[in-house]
**Student:** 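Supplied in structure tokens, the structure appears directly below.
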Amino acid sequence: MTQLPMFGQPPTEPEPKPVGDQVVRLQVLVTVKAAPNPSDKYGETVCVAGLSTDPVRPGWVRLYPINFRELGADAAFRKYDVISVDAVPARQDSRRESWRPRMTTLQVENHLQEWHHRRPWLDPAISTDTTMCQLHRGATTDSPSLALIRPRLVTGLKIDRHPGWTPQQRAKIEQYVGQFDLFGNTDRSALEAPRYSGSYR
């Protein structure tokens with residue numbers, strides 16, 4: 001097993017997922033929390049990624065699915081929170097970094113408020129030999145699909161009004177909102193589309 005260097009530099013290659021579906025307690029510094037999207041199976045989902053802070057299991061971690069708006073106040077985490085959660089390997093996702101969290105076990109352990117607390121974890125994780133093209137290929141192969149990349153040159157930033165949900169997405173939202181909340185017996189509010197979409201070149 002790869003030993004974690006000081007402050008969490010990930011190994012070059014993500015370790016293979018454990019054999020079987022045994023539960024593993026993960027400790028993760030959250031660095032990515034995507035916007036929620038409508039889902040047929042889960043109502044709405046958020047994909048979360050971050051760096052493992054466990055020296056026994058170093059590297060990048062992807063947690064999916066997460067219905068963030070249904071988390072309790074004590075489990076609603078932010079970027080740069082350190083969280084712990086029980087998870088099993090995501091068998092329907094071939095990417096090594098992907099895990100299925102058991103959300104009832106999630107705990108927020110800490111928050112890294114200042115950048116001088118974050119950078120000792122992030123700076124060693126910056127990849128010097130990985131490209132976005134390699135990551136795209138890794139999304140469909142048994143290769144790294146997560147990395148922290150510093151762009152060589154940013155030539156443009158584009159921000160547009162979000163076009164809104166598609167009819168298919170609206171149908172998923174309406175179905176989810178109409179379901180009875182078994183836990184709180186409360187009505188669900190419809191997921192609003194983002195106001196803007198952005199990209200950079």
Side-chain angles (χ1 to χ4, degrees), residues 1-34 36 41-42 45-68 70-72 74-132 134-150:
M1 180 141 327
T2 307
Q3 181 61 37
L4 181 71
M6 187 176 183
F7 298 130
Q9 182 178 1
T12 304
E13 294 283 336
E15 292 192 8
K17 296 174 184 176
V19 177
D21 294 327
Q22 66 269 30
V23 176
V24 175
R25 189 71 178 175
L26 300 179
Q27 296 173 314
V28 181
L29 170 61
V30 176
T31 59
V32 177
K33 193 171 78 170
K41 189 172 182 179
Y42 305 106
T45 56
V46 170
C47 184
V48 170
L51 281 167
S52 171
T53 62
D54 184 351
V56 178
R57 190 176 296 278
W60 290 97
V61 174
R62 177 186 293 103
L63 298 173
Y64 180 89
I66 294 176
N67 189 327
F68 188 79
E70 290 202 355
L71 291 177
D74 57 339
F77 55 89
R78 299 176 288 168
K79 283 181 65 175
Y80 300 111
D81 275 354
V82 178
I83 63 173
S84 62
V85 64
D86 288 348
V88 295
R91 295 302 176 198
Q92 294 181 333
D93 186 340
S94 62
R95 297 171 295 185
R96 291 188 179 187
E97 305 98 336
S98 296
W99 294 76
R100 289 178 58 87
R102 297 189 171 179
M103 297 312 300
T104 57
T105 69
L106 189 146
Q107 293 181 323
V108 178
E109 307 288 352
N110 195 10
H111 178 70
L112 303 188
Q113 179 68 33
E114 305 295 337
W115 273 102
H116 67 268
H117 293 140
R118 302 170 184 172
R119 294 190 70 93
W121 288 97
L122 299 176
D123 285 354
I126 297 174
S127 178
T128 58
D129 57 0
T130 302
T131 67
M132 287 300 298
Q134 290 173 315
L135 290 180
H136 280 294
R137 288 194 296 269
T140 57
T141 61
D142 190 20
S143 301
S145 62
L146 292 173
L148 180 58
I149 296 176
R150 177 177 285 142

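In this chain, numbering begins with 1 at the start of the sequence shown.
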**Student:** For residues A75 and L106, report the shortest heavy-atom separation together with the two atoms involved.
**Tutor:** O-CD2, 3.3 Å
**Student:** With side chains defined as the heavy atoms from C-beta onward, is the minimum distance between L51 and V28 less than 4.5 Å?
**Tutor:** no
**Student:** State whether the side chain of K33 and the backbone N or O of F77 hold a donor-acceptor pair below 3.5 Å, judged by distance alone.
**Tutor:** yes
**Student:** Is there a donor-acceptor contact under 3.5 Å from the side chain of E70 to the main chain of N67?
**Tutor:** no
**Student:** Determine the minimum heavy-atom distance between T31 and L122, stating which atoms define it.
**Tutor:** CG2-CD2, 3.8 Å
**Student:** What's the shortest heavy-atom distance between V46 and F68, and which atoms?
**Tutor:** CG2-CB, 3.9 Å
**Student:** Between S52 (side chain only) and R57 (backbone N and O only), is there a donor and an acceptor less than 3.5 Å apart?
**Tutor:** yes
**Student:** About how many Å separate CG of L148 and OG1 of T128, when rounded to the nearest 0.5 Å?
**Tutor:** 11.5 Å
**Student:** Counting only heavy atoms not in R102 (residues, nucleotides, ligands), do more than 12 fall under 6.0 Å from its CZ?
**Tutor:** no
**Student:** Determine whether a donor-acceptor pair (N or O, by modelled atom type, separation under 3.5 Å) exists between the side chain of D123 and the backbone of P120.
**Tutor:** no
**Student:** Give, for atom CG of D81 and atom CD of Q113, the distance between the pair rounded to the nearest 0.5 Å.
**Tutor:** 9.5 Å
**Student:** Can you name the nearest heavy-atom pair linking Q22 to V88, along with the distance?
**Tutor:** O-CG1, 4.0 Å
**Student:** By side-chain hydrogen bond (donor to acceptor under 3.5 Å, both in side chains), which residues pair with T130, not counting sequence neighbours?
**Tutor:** S127
**Student:** Between E97 and S145, is there a donor-acceptor pair closer than 3.5 Å when you use the side chain of the first and the backbone of the second?
**Tutor:** yes
**Student:** If you round to the nearest 0.5 Å, how far is CZ of R100 from CZ of R62?
**Tutor:** 14.0 Å
**Student:** Please test E109 against S84 for side chain to side chain donor-acceptor pair (under 3.5 Å), starting from the C-alpha separation and ending with a verdict.
**Tutor:** CA-CA 7 Å; E109 307 288 352; S84 62; 2.5 Å; yes
**Student:** Verify the neighbour count for atom CZ of R91: are there more than 12 heavy atoms of other residues, nucleotides or ligands below 6.0 Å?
**Tutor:** yes
**Student:** Any non-hydrogen side-chain atom of V61 less than 4.5 Å from a side-chain atom of L26?
**Tutor:** yes
**Student:** May I ask you to check whether Y80 and W121 place their ring centers less than 6.0 Å from one another?
**Tutor:** no
**Student:** Please name the pair of heavy atoms, one in A125 and one in W60, separated by the smallest distance, quoted to 0.1 Å.
**Tutor:** CB-CZ2, 4.2 Å
**Student:** Looking at T45 and P65, what are the two nearest heavy atoms and their distance?
**Tutor:** CG2-CB, 3.8 Å
**Student:** Could you tell me if the side chain of M103 sits less than 4.5 Å from the side chain of L71, heavy atoms only?
**Tutor:** yes
**Student:** Taking the side chain as C-beta and beyond, is there a heavy-atom pair between N110 and L29 under 4.5 Å?
**Tutor:** no
**Student:** Looking at side-chain heavy atoms only, is the closest gap between D93 and Y64 below 4.5 Å?
**Tutor:** no
